[in-house]
Protein chains: 2
Amino acid sequence: MSRKITLKDIAKELDVSTSTVSKALRGSSEISQKTRDKIIAFANYYHYKPNSTALKLQSQKTMVIGIVVPEIVHHFFTKVISGIEKVLNKYHYNVMICLSNESLNKEILNINMLTDGSVDGLIVSIAKETLEKNDFSHFNEIKNNDIPLVLFDRISDKIESDKVIVDDIGGGYKATKHLMEIGCKNIALLTTPSHVTVGLEREKGYLKALKEVKLPSNIIHIHENKNIKEQIEKLFNQSNVYPDGIFAVNEIYAATAIKIARSKGLKIPEDIAIIGFTDGLISKFTEPALTTIAQHGLTMGEQAAELLLYRIKDKERPFEKKVISTNLKIRKSTQKK
Amino acid sequence: MSRKITLKDIAKELDVSTSTVSKALRGSSEISQKTRDKIIAFANYYHYKPNSTALKLQSQKTMVIGIVVPEIVHHFFTKVISGIEKVLNKYHYNVMICLSNESLNKEILNINMLTDGSVDGLIVSIAKETLEKNDFSHFNEIKNNDIPLVLFDRISDKIESDKVIVDDIGGGYKATKHLMEIGCKNIALLTTPSHVTVGLEREKGYLKALKEVKLPSNIIHIHENKNIKEQIEKLFNQSNVYPDGIFAVNEIYAATAIKIARSKGLKIPEDIAIIGFTDGLISKFTEPALTTIAQHGLTMGEQAAELLLYRIKDKERPFEKKVISTNLKIRKSTQKK
DNA sequence: AAAAATTACGAAACCGTTTTCGTGTTGAAA
DNA sequence: TTTCAACACGAAAACGGTTTCGTAATTTTT
């Protein structure tokens with residue numbers, strides 16, 4: 001109920017100046033013990049708390065970091081955000097999260113808004129539409145306002161900044177290699193449209209592994225606006241080859257593939273082995289449980305936050321690109337007896 | 001690179017006063033067309049953007065809403081957050097998200113920090129530890145600073161505020177009733193410790209349904225610090241009764257129960273039917289797919305945001321408690337042929 | 001041509017802090 | 001008793017804007 005109390009209020013009430021109050025509350029020895037105690041007691045009684053906006057204006061620091069992600073209803077992104085939060089919190093930063101919903105326009109809006117001085121730094125993962133349209137001009141706004149920026153996961157070479165990515169090529173390679181090692185000869189890839197950088201990179205790893213032993217490739221690009229299940233189903237309707245292994249670049253594709261394969265009466269992994277690139281929860285609960293290439297979203301977030309903190313401290317340091325390596329988490333979907 | 005430019009810079013450069021610049025940029029007719037154009041051109045050229053902190057201090061509004069949730073790596077919470085974001089964004093509010101990690105201390109820290117004037121309102125879901133210790137004194141801080149507050153999902157009667165909850169009792173009732181309708185006689189409940197309000201409410205619904213037809217109850221409280229799987233397994237080791245139906249208050253418990261039941265060679269739903277209370281993604285991918293009571297997290301978020309906006313506009317309105325009704329989403333895990 | 005109204009702008013206060021720089025009082029040293 | 005530090009505090013500037021009010025200069029009205 002009590003209207004918010006300010007320094008000025010305290011000063012007036014106690015008949016001292018605002019400077020005295022300010023100093024007293026910050027424990028300055030400039031103020032006598034007596035006055036200090038009186039002021040502190042009064043302030044506590046009325047639950048005085050310095051106005052953070054005034055503090056920010058004064059210190060020219062907001063202690064807030066903006067995060068722009070394509071969506072939040074996505075296990076990987078929440079993991080990354082948790083990682084970011086974890087380290088940022090240690091240094092008393094707060095996070096302001098904006099969702100681009102994979103839309104270029106929303107991303108532009110978010111970035112324009114965040115570069116108005118409300119944050120001390122930005123961590124962003126680029127929206128699909130942005131990548132597709134290849135339009136990154138809004139990132140100039142960040143550069144113009146010279147706000148520290150770290151890009152993660154969905155990045156672009158067109159933007160100069162610190163970056164954190166997972167070793168998508170290596171992961172794709174590992175996944176494919178693993179399928180080969182358990183005897184797969186016709187390995188299909190379920191991936192995104194190629195403007196999504198991470199999908200493309202994983203594809204590179206996949207192709208690299210295949211090329212080494214001259215196995216044929218079989219790539220299906222899934223478009224998210226169309227029915228995912230139907231698109232994956234095509235894999236099983238191909239007349240020429242029948243895959244005995246599937247590498248899916250994300251959890252949904254992989255889990256859907258498992259569902260479909262089972263509905264076709266295929267045994268996993270005997271008839272067809274499946275592996276997914278993901279950090280998610282679904283993998284543990286599919287039947288059989290899904291073997292995955294773990295992305296380490298948490299680590300990614302931590303590293304992104306650290307890079308940002310470094311840059312805030314030193315704007316002149318050279319840009320850094322961190323690569324988080326993946327690892328293979330073997331579960332039943334590739335474990336032949 | 002270019003250092004941030006301020007009103008004062010423009011004023012000095014163009015040899016006018018800051019008031020003139022401010023007015024010109026806000027399109028005031030008080031300033032002549034000529035001067036206005038000149039100022040606007042100059043401002044655009046140098047990418048001038050008013051400092052948001054200064055604006056906030058001046059307007060005494062931050063246009064930021066704080067959200068405190070137990071964790072973000074949780075489908076339900078991300079859904080709610082998306083809902084909040086959706087409506088808040090429409091009104092040009094931004095969100096600042098803080099994680100309590102289910103810890104009372106962290107929650108206190110978050111709330112203390114957010115009540116320093118950095119936000120115009122707060123939306124929170126209470127941490128488990130807070131509920132367990134039954135200590136809500138930190139919410140007084142919110143009241144003292146008279147910041148609008150909306151509680152969602154995990155609430156407490158001890159806190160006066162607007163609230164949004166799902167119809168947990170009704171949902172628990174629906175779930176249990178559904179199991180009864182497909183012929184289950186021994187329905188077990190997998191739930192949280194009883195200090196978690198939502199678990200307790202769902203239990204109430206469960207008991208209500210059982211009581212109506214005098215079926216026996218069989219409740220297992222799962223403790224999160226212990227191994228979940230082992231605790232659920234006990235259900236199948238009970239000497240006296242063997243359940244033919246399981247109602248789990250969340251997705252993980254339900255999906256784990258499915259895994260365990262299958263490993264025991266039970267057929268789902270013939271031998272044992274399973275239903276979960278959740279909005280999550282896992283349900284679609286378990287084998288068989290899990291029947292659920294849908295929570296409508298998105299709706300919840302939207303309503304929470306709307307309630308908050310109402311209160312910001314009118315601090316005197318009576319507190320409101322919205323109840324989001326659930327609905328039954330039947331999948332294979334309860335669909336006997 | 002004098003009076004009134006309009007135009008176009010600047011000065012200053014204000015939002016809530018912190019911080020630098022004085023300055024009047026004391027108490028101690030000379 | 002005079003001189004000088006030390007002490008305890010206040011005035012004012014600063015952070016970056018907005019806004020109210022005042023006022024010269026110009027234009028319109030009479």
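Order of the sequence lines fixes the chain letters, A, B, ..., with proteins taken first and strands second; residue numbering starts at 1 for each chain. Just so we're clear, the structure is a prediction, and the values are computed from it rather than from any experiment.
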Lys/Arg-Asp/Glu bridge criterion (N-O < 4.0 Å) met for [X], [Y]:
X: B:Glu141; Y: A:Lys49; value: yes
X: A:Arg311; Y: A:Asp162; value: yes
X: B:Lys106; Y: B:Glu129; value: no
X: B:Glu132; Y: B:Lys128; value: no

Under 4.0 Å from any atom of DNA chain C, heavy atoms only: list the residues of residues 53-66 of chain B that qualify, in numerical order.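 The stretch gives B:Leu57, B:Gln58, B:Gln60 as the residues lying under 4.0 Å from the strand, ordered by number.
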Within a strict 4.5 Å, meaning less than it, do heavy atoms of the B:Ile324 and B:Ile165 side chains meet?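 B:Ile324 vs B:Ile165: side chains apart.
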Minimum side-chain heavy-atom gap B:Val198-B:Ile155 below 4.5 Å: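 SC-SC contact between B:Val198 and B:Ile155 ruled out.
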Donor-acceptor pair between [X] and [Y] side chains, under 3.5 angstrom:
X: A:Asn145; Y: A:Thr115; answer: no
X: A:Ser100; Y: A:Ser103; answer: no
X: A:Asp116; Y: A:Ser118; answer: yes

Is the phosphate of D:dG17 approached by B:Tyr48 (side-chain N or O, under 4.0 Å from OP1 or OP2)?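 Checking D:dG17 against B:Tyr48, a side-chain N or O does come within under 4.0 Å of OP1 or OP2.
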Whether B:Arg26 contacts D:dT19 is assessed here as follows: a side-chain N or O lying under 4.0 Å from the phosphate OP1 or OP2. Is that the case?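 Checking B:Arg26 against D:dT19: at least one side-chain N or O falls below 4.0 Å of OP1 or OP2.
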Write down the distance between [atom1] ([X]) and [atom2] ([N]), rounded to a whole number of angstrom.
X: B:Lys4; N: D:dG17; atom1: NZ; atom2: P; result: 10 Å
X: A:Lys34; N: D:dC7; atom1: NZ; atom2: P; result: 17 Å
X: B:Leu25; N: D:dG17; atom1: CG; atom2: C1'; result: 11 Å
X: B:Ile5; N: D:dC15; atom1: CD1; atom2: C1'; result: 17 Å
X: A:Lys8; N: D:dG10; atom1: NZ; atom2: P; result: 15 Å
X: A:Asp116; N: D:dG16; atom1: CG; atom2: P; result: 14 Å

Strictly under 4.0 angstrom, non-hydrogen atoms only: write out the protein contact profile of nucleotides 21-28 of chain D, one letter per nucleotide from the 5' end, B, S or -. B-------
With sequence neighbours left out, which residue pairs that include part of residues 66-87 of chain B fulfil the side-chain hydrogen bond (donor to acceptor under 3.5 Å, both in side chains) condition?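 For residues 66-87 of chain B: B:Lys86-B:Glu302.
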Please check this pair: side chain of [X] against backbone of [Y], looking for a donor-acceptor N/O pair closer than 3.5 Å.
X: A:Asp9; Y: A:Thr6; value: yes
X: B:Lys163; Y: B:Ile159; value: yes
X: B:Ser59; Y: B:Leu55; value: yes

Within the supplied structure, the quantity of interest is the number of heavy atoms (other residues, nucleotides, ligands) at a distance under 6.0 Å from B:Asp15 CG; does it exceed 12?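 No, the 6.0 Å shell around CG holds no more than 12 heavy atoms from other groups.
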Among residues 11-22 of chain B, which contact DNA chain D at a heavy-atom distance under 4.0 Å?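 Correct list: B:Ser19, B:Ser22.
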For the helix from C:dA1-D:dT30 to C:dA30-D:dT1, what angle separates the axis at the start from the axis at the finish, each from five pairs, in steps of 10°?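 Inter-axis angle at the termini of the helix from C:dA1-D:dT30 to C:dA30-D:dT1: 60°.
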Please report the closest heavy-atom contact between A:Gly297 and A:Phe76, naming both atoms and the distance.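 In terms of heavy atoms, the two residues are closest at CA-CE1, 3.7 Å.
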Can you name the closest pair of heavy atoms from A:Pro148 and A:Asp146 and give their distance?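 Minimum heavy-atom contact is CD-O, 3.8 Å.
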Walk along DNA chain C from 5' to 3' and tell me the first and last nucleotide with an atom closer than 4.0 Å to a non-hydrogen atom of chain B.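 For DNA chain C, the relevant span reads C:dA8 to C:dG16.
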